[in-house]
Enquirer: 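What follows is a single structure, and I will ask about it in a moment.
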Amino acid sequence: MQFSPTWYLLEQEGLLAQACLCNGLTALRRANLGDKKGLFYSAFFELSIGFERVLKLVLILDHMARNQLVPPDSKTVEDYGHKLRALFDAAKAVCAARNVTELDGFQADSLPIVILGFLDDFAHPGGRYSNINKLTGHRHQAMADPIARWGEMASQIMRTQANARERERAQLNGRMASIAFGDAAASLMSDLDQQHMDVASLHVRASELDTAAKYAIYALVTLIAALRDVIDSLCDSAWAVNRAAQAGAAEVPAMKEFFQFAWADRQYVMRKRQWP
């Protein structure tokens with residue numbers, strides 16, 4: 001079988017999206033306090049880019065399936081910029097037009113979409129350049145410190161998603177640290193909002209951030225898995241056009257293969273530390 005230049009471009013875009021999402025999930029799972037704070041930024045950069053690319057693939061494949069495999073012009077895609085909320089709404093519109101139901105369960109207040117909204121804000125110059133913008137007095141300062149904002153979300157996840165045993169475990173870690181170290185140790189670390197913590201609070205917070213990351217990652221994996229199924233449906237439509245045209249070269253790869261890492265089994269995801 002021969003493959004067209006479009007096929008190879010889509011393959012490369014799929015590999016790019018896969019790498020960004022996997023790197024982002026891994027960084028988020030490893031991020032925590034101290035010298036691991038920087039991994040939060042890595043996670044936000046990679047995940048915002050990864051979701052942007054996946055959602056734009058939905059729009060591109062839909063256009064190709066409806067227009068004899070001709071990709072959309074650059075303006076159609078570029079006009080969305082890095083606006084993940086707008087891209088997700090556009091992807092839902094594509095699904096509605098095609099009677100594809102995979103995204104129906106993702107309501108605005110669901111954890112996957114709340115996190116996607118956070119990534120949308122981060123992708124804005126006021127988010128990803130937050131530190132530099134504050135240092136230089138730049139006009140783009142719309143987003144609060146992304147790290148502090150994530151800390152607030154982690155606390156919310158602990159309240160609304162974590163179970164009583166997980167919350168108690170975090171508190172137990174703090175009590176054990178207090179008993180073990182007493183007044184013999186001091187903490188120089190701060191929370192994600194730059195507030196100083198004593199040794200007991202440090203151990204509580206580190207445990208909370210670790211637990212919250214598991215729930216956040218599971219939420220994102222469910223969204224990636226749903227988008228993979230949407231993309232697979234669009235590929236089916238594009239392949240039908242390709243066959244009908246009796247073209248000599250394949251135009252669209254099996255795009256779902258790039259996102260098979262998103263196995264939305266809760267127990268599996270909550271244990272996993274590295275992606276894929």
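Counting begins at 1 with the first residue of the sequence.
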Enquirer: Locate the shortest heavy-atom distance separating Val77 from Pro72; write the atom from each residue and the value.
Expert: CG2-CG, 4.1 Å
Enquirer: Show the nearest heavy-atom pair for residues Ile49 and Cys20, with the distance to one decimal.
Expert: CG2-SG, 3.7 Å
Enquirer: Less than 4.5 Å apart, any side-chain heavy atom of Phe258 and any of Glu11?
Expert: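 Yes, at least one pair of side-chain atoms sits under 4.5 Å.
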Enquirer: Look at atom CG of Asp73 and say whether more than 12 heavy atoms of other residues, nucleotides or ligands are closer to it than 6.0 Å.
Expert: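 More than 12 heavy atoms, drawn from other residues, nucleotides or ligands, come within 6.0 Å of this atom.
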Enquirer: So Tyr8 and Phe3, would you call those rings parallel, tilted or perpendicular, with 30° and 60° as cut-offs?
Expert: perpendicular
Enquirer: Looking only at non-hydrogen atoms, find the nearest pair between Arg29 and Lys272 and report the distance.
Expert: NE-O, 3.6 Å
Enquirer: Indicate if Tyr80 and Val58 have the same hydrophobic cluster label, given that clusters are the connected sets of ILVMFWY residues with side-chain heavy-atom separations under 4.5 angstrom.
Expert: yes
Enquirer: Between Phe88 and Phe106, what is the ring plane arrangement, given parallel below 30°, perpendicular above 60°, and tilted in between?
Expert: perpendicular
Enquirer: Could you tell me whether the side chain of Arg167 and the main chain of Met158 form a donor-acceptor pair under 3.5 Å?
Expert: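 Flag set: sc Arg167 to bb Met158 pair under 3.5 Å.
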Enquirer: Look at Asp210 together with Lys36 and state whether they make a salt bridge at an N to O cut-off of under 4.0 Å.
Expert: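 Between Lys36 and Asp210 there is no salt bridge, as every charged N stays at least 4.0 Å from the carboxylate O atoms.
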Enquirer: Given the rule that I, L, V, M, F, W and Y join up when any side-chain heavy atoms are under 4.5 Å apart, are Val204 and Met189 in one cluster?
Expert: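 They do not share one cluster, since no chain of ILVMFWY contacts under 4.5 Å joins Val204 to Met189.
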Enquirer: State, to 0.1 Å, how close Arg85 and Gly117 come at their nearest heavy-atom pair, and which atoms those are.
Expert: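 Closest approach of Arg85 to Gly117: NH2-O, 3.2 Å.
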Enquirer: Would Val94 and Leu61 satisfy side chain to side chain contact (heavy atoms under 4.5 Å, CB included), going step by step from the backbone distance to the final call?
Expert: CA-CA 10 Å; Val94 167; Leu61 291 168; over 6 Å; no
Enquirer: Using atom types as modelled and distance alone, determine if a side-chain donor or acceptor of Thr160 lies under 3.5 Å from a backbone N or O of Gln156.
Expert: yes
Enquirer: Let's go through Ser155 and Arg205 carefully: what are the C-alpha distance in whole Å and the side-chain angles of both, what is the deciding distance for side chain to side chain donor-acceptor pair (under 3.5 Å) to 0.1 Å, and is it a yes or a no?
Expert: CA-CA 9 Å; Ser155 296; Arg205 191 56 168 156; 3.2 Å; yes
Enquirer: Given side chains that start at C-beta, do those of Leu59 and Thr76 come closer than 4.5 Å, heavy atoms only?
Expert: no
Enquirer: Same cluster or not: are Leu16 and Leu21 linked, directly or through other Ile, Leu, Val, Met, Phe, Trp or Tyr residues, by side-chain heavy atoms under 4.5 angstrom apart?
Expert: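 No: no chain of side-chain contacts under 4.5 Å links Leu16 to Leu21.
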Enquirer: Measure across Ala65 and Val241 and return the closest heavy-atom pair with its distance rounded to 0.1 Å.
Expert: O-CG2, 3.5 Å
Enquirer: Counting C-beta onward and ignoring hydrogens, is there a side-chain heavy-atom pair between Val269 and Trp263 closer than 4.5 Å?
Expert: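 No, side chains not in contact.
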Enquirer: Short question: side chain of Ser110, backbone of Gln107 - any donor-acceptor pair under 3.5 Å?
Expert: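 Yes.
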Enquirer: Does the side chain to side chain contact (heavy atoms under 4.5 Å, CB included) test come out yes or no for Leu57 and Met255, once each step is laid out?
Expert: CA-CA 9 Å; Leu57 278 171; Met255 299 297 292; 3.9 Å; yes
Enquirer: Distance alone, cut at 3.5 Å: any donor-acceptor contact between the side chains of Asp198 and Ser201?
Expert: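 A pair is found: one side chain offers a donor N or O, the other an acceptor, under 3.5 Å apart.
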Enquirer: Which class fits the ring pair His203 and Phe181: parallel under 30°, tilted 30 to 60°, perpendicular over 60°?
Expert: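 Tilted: the ring planes of His203 and Phe181 meet at 30° to 60°.
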Enquirer: Checking the side chain of Gln171 only, and the main-chain atoms of Glu168 only, is there a donor and an acceptor separated by less than 3.5 Å?
Expert: no
Enquirer: Hey, could you give me the CG/CD distance between Asn23 and Glu46, rounded to the nearest 0.5 Å?
Expert: 4.5 Å
Enquirer: Within the structure provided, determine whether Asp191 and Leu33 are in side-chain contact (heavy-atom separation under 4.5 Å).
Expert: yes
Enquirer: Output side-chain donor-acceptor pairs under 3.5 Å for residues 217-229, partner residues at least two apart or in another chain, one line each.
Expert:
from, atom 1, to, atom 2, distance (Å)
Thr222, OG1, Ala219, O, 2.5
Arg228, NH1, Phe259, O, 3.2
Arg228, NH1, Ala262, O, 2.9

Enquirer: For Ser48 versus Phe122, what's the shortest heavy-atom pair and its separation?
Expert: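 Answer, listing the atom of Ser48 first, then Phe122: OG-CD2, 4.2 Å.
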Enquirer: Between Arg98 and Ser237, does any side-chain donor sit less than 3.5 Å from a side-chain acceptor?
Expert: yes
Enquirer: Do we see a donor-acceptor contact under 3.5 Å between the side chains of Glu251 and Ser4?
Expert: yes
Enquirer: Given the side-chain rings of Phe44 and Phe118, with only the six-membered ring counted for Trp, is the space between their centroids under 6.0 Å?
Expert: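 Yes; Phe118 has its ring centre under 6.0 Å from that of Phe44.
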Enquirer: Passes side chain to side chain contact (heavy atoms under 4.5 Å, CB included), Glu52 versus Lys83? Steps please.
Expert: CA-CA 8 Å; Glu52 177 186 334; Lys83 300 171 184 175; over 6 Å; no
Enquirer: Using distance alone, with no hydrogens and no angle criterion, decide if Ser190 and Lys37 have a side-chain donor and acceptor under 3.5 Å apart.
Expert: yes
Enquirer: More than 12 heavy atoms of other residues, nucleotides or ligands under 6.0 Å from CD of Gln68: yes or no?
Expert: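 No, CD of Gln68 has 12 or fewer neighbouring heavy atoms, counting only those of other groups under 6.0 Å.
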Enquirer: Less than 4.0 Å between a side-chain N and a carboxylate O, is that true for Arg149 and Asp145?
Expert: no
Enquirer: Could you tell me whether a side-chain N or O of His196 sits under 3.5 Å from a main-chain N or O of Ser187, the two making a donor and an acceptor?
Expert: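 Confirmed, His196 side chain pairs with Ser187 backbone.
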Enquirer: Would one find more than 12 heavy atoms of other residues, nucleotides or ligands at under 6.0 Å from atom CG of Leu9?
Expert: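 Buried by this count: over 12 neighbours within 6.0 Å.
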